[in-house]
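This report refers to the structure that appears directly beneath it.
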Amino acid sequence: TSTGSLNINNCNIIMNLTSSDQQYNITVEGDLIANYSNFTSSSQAYEFNFDIYGQANISNSHISELFNRGLYIRPNSNNNIIYNNTIRNITDDGIFIDTANNTNITLNTIHAEQANGLGIAISNSHSNNIFFNIINSSDDGIISSTSASFNVISSNNITTVGSGGNGITLISAHNYSNLTSNRIFAA
């Protein structure tokens, strides 16, 4: 879709990947509304990208077999809602917010346990709320890097597996962000 709106409700979308990662991808250049849907690959051996360039409202869905950035909220995609989803089998980040503001990420379960798996990554983004998520990752549960401010990260349960992960990592220029009541475990 381009500058329009894509509505996906109660759908099962299976990417028919048969020969390589990123053979096919989901790219939404307008707004996305997805509810009670399943997004996955036909093979656990091959993964796809899921990029959103407009506003995203994704709830009550299952997303798996994602390559690299996982669910990627692209620059200038503001006022997003990522609510009550299960995201698993990711090569890198479960959810990546890149230069996107006012995103609410709430009540999601993220399994990013493959090598270098991050639960939620934030870069150059402001006024985002990350509440009540369950994150299992092989690297950082939540990482916020490069000029992020006014973000609230609260009441998340984060478990890091292996030796490379931190529960929450803040890197470079964090102004007025609030971290409260997060529970962090090392497994």
Side-chain angles (χ1 to χ4, degrees), residues 1-43 46-112 117-133 135 142-153:
T1 176
S2 178
T3 66
S5 179
L6 175 63
N7 295 309
I8 300 172
N9 292 298
N10 200 25
C11 291
N12 191 24
I13 297 176
I14 301 172
M15 304 297 287
N16 190 22
L17 306 177
T18 57
S19 62
S20 66
D21 285 326
Q22 301 173 287
Q23 181 181 2
Y24 303 109
N25 298 297
I26 297 174
T27 301
V28 181
E29 294 185 6
D31 297 338
L32 171 66
I33 299 171
N35 296 298
Y36 298 101
S37 294
N38 180 44
F39 302 87
T40 192
S41 170
S42 59
S43 170
Y46 303 116
E47 300 169 322
F48 63 98
N49 289 330
F50 197 151
D51 297 351
I52 302 165
Y53 289 86
Q55 183 179 14
N57 184 337
I58 302 171
S59 61
N60 304 304
S61 294
H62 295 271
I63 304 167
S64 64
E65 311 310 329
L66 294 174
F67 188 78
N68 199 12
R69 296 284 187 191
L71 184 57
Y72 192 175
I73 309 299
R74 293 289 194 156
N76 303 312
S77 299
N78 300 318
N79 305 310
N80 304 289
I81 298 171
I82 312 298
Y83 175 79
N84 197 37
N85 300 289
T86 299
I87 301 171
R88 64 174 62 247
N89 296 342
I90 314 141
T91 303
D92 201 349
D93 308 333
I95 299 171
F96 183 67
I97 305 168
D98 183 11
T99 318
N101 304 317
N102 303 312
T103 295
N104 290 306
I105 301 174
T106 309
L107 289 172
N108 297 285
T109 300
I110 301 169
H111 298 278
L118 298 170
I120 299 171
I122 305 167
S123 180
N124 293 310
S125 299
H126 311 287
S127 301
N128 297 294
N129 297 306
I130 301 172
F131 298 138
F132 302 109
N133 297 286
I135 301 169
I142 299 172
I143 185 167
S144 183
S145 63
T146 317
S147 184
S149 60
F150 299 102
N151 294 305
V152 178
I153 300 171

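Hydrogens, waters and symmetry mates play no part in the numbers below; they use all other heavy atoms, side chains included.
In this structure, the separation between CG on Asn133 and OH on Tyr83 is 11.0 Å, given to the nearest 0.5 Å. Taking OG1 of Thr27 as the start and CG of Leu6 as the end, the distance is 11.5 Å to the nearest 0.5 Å. In this structure, Leu71 CG and Asn108 CG are separated by 9.0 Å, a value rounded to the nearest 0.5 Å. One finds the CZ atom of Phe67 at 7.0 Å from the CG atom of Asn49 (value rounded to the nearest 0.5 Å). The CG atom of Leu107 sits 11.0 Å away from atom OG1 of Thr86, with the distance rounded to the nearest 0.5 Å. Here Leu66 contributes atom CG and Asn89 contributes atom CG; the two are 9.0 Å apart, rounded to the nearest 0.5 Å.
In this structure a side-chain-to-backbone donor-acceptor pair under 3.5 Å is missing from Thr103 to Asn79. Counting only distance, with no hydrogens or angles, the side chain of Ser145 and the backbone of Ser123 share no donor-acceptor pair below 3.5 Å. A side-chain donor-acceptor contact under 3.5 Å links Asn151 to the backbone of Asn128. Within the 3.5 Å criterion, the main-chain N or O of Ile63 finds no donor-acceptor partner in the side chain of Asn85.
His126 and Ser149 make their closest contact through ND1-OG, 2.8 Å (heavy atoms, listed as atom of the first residue, atom of the second, distance). Contact detail for Asn10 and Ser37: the closest heavy-atom pair is N-OG, 3.3 Å. The nearest pair of heavy atoms linking Asn101 to Asn124 is OD1-O, 4.4 Å. Taking all atoms of both residues into account, the shortest heavy-atom contact from Ala34 to Phe39 is CB-CZ, 4.0 Å. Closest of all the heavy-atom pairs between Ile26 and Met15 is CG1-SD, 3.9 Å. Closest heavy-atom contact between Ala112 and Gly119: CB-N, 4.2 Å.
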Stepwise, does the side-chain contact (heavy atoms from CB on, under 4.5 Å) test hold for Ile82 with Ile73? CA-CA 10 Å; Ile82 312 298; Ile73 309 299; 4.3 Å; yes
Going through the checks in order, is the side-chain contact (heavy atoms from CB on, under 4.5 Å) test met by Ile87 and Phe50? CA-CA 12 Å; Ile87 301 171; Phe50 197 151; over 6 Å; no
Pair Ser42, Asn16 - check side-chain contact (heavy atoms from CB on, under 4.5 Å), show working. CA-CA 5 Å; Ser42 59; Asn16 190 22; 3.5 Å; yes
For the pair Ile122 and Ile130, evaluate side-chain contact (heavy atoms from CB on, under 4.5 Å) and give the outcome as yes or no after the intermediate values. CA-CA 10 Å; Ile122 305 167; Ile130 301 172; 3.2 Å; yes
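Judged purely by distance below 3.5 Å, without hydrogens or angles, the side chains of Thr40 and Ser64 pair a donor atom with an acceptor atom. A donor-acceptor pair shorter than 3.5 Å can be found between the side chains of Asn104 and Asn129. In this model, no donor atom of one side chain and acceptor atom of the other lie less than 3.5 Å apart for Asn60 and Asn35. Remark: the Ser5 side chain and the Asp31 side chain contain no N/O donor-acceptor pair separated by less than 3.5 Å. Of the N and O atoms on the side chains of Tyr72 and Asp98, at least one donor lies less than 3.5 Å from an acceptor on the other residue.
In this structure, Asn25 and Asp51 have side chains that are not in contact, with every pair of non-hydrogen atoms separated by 4.5 Å or more. Using a 4.5 Å cut-off on side-chain heavy atoms (C-beta onward), Asn80 and Ile97 make no contact.
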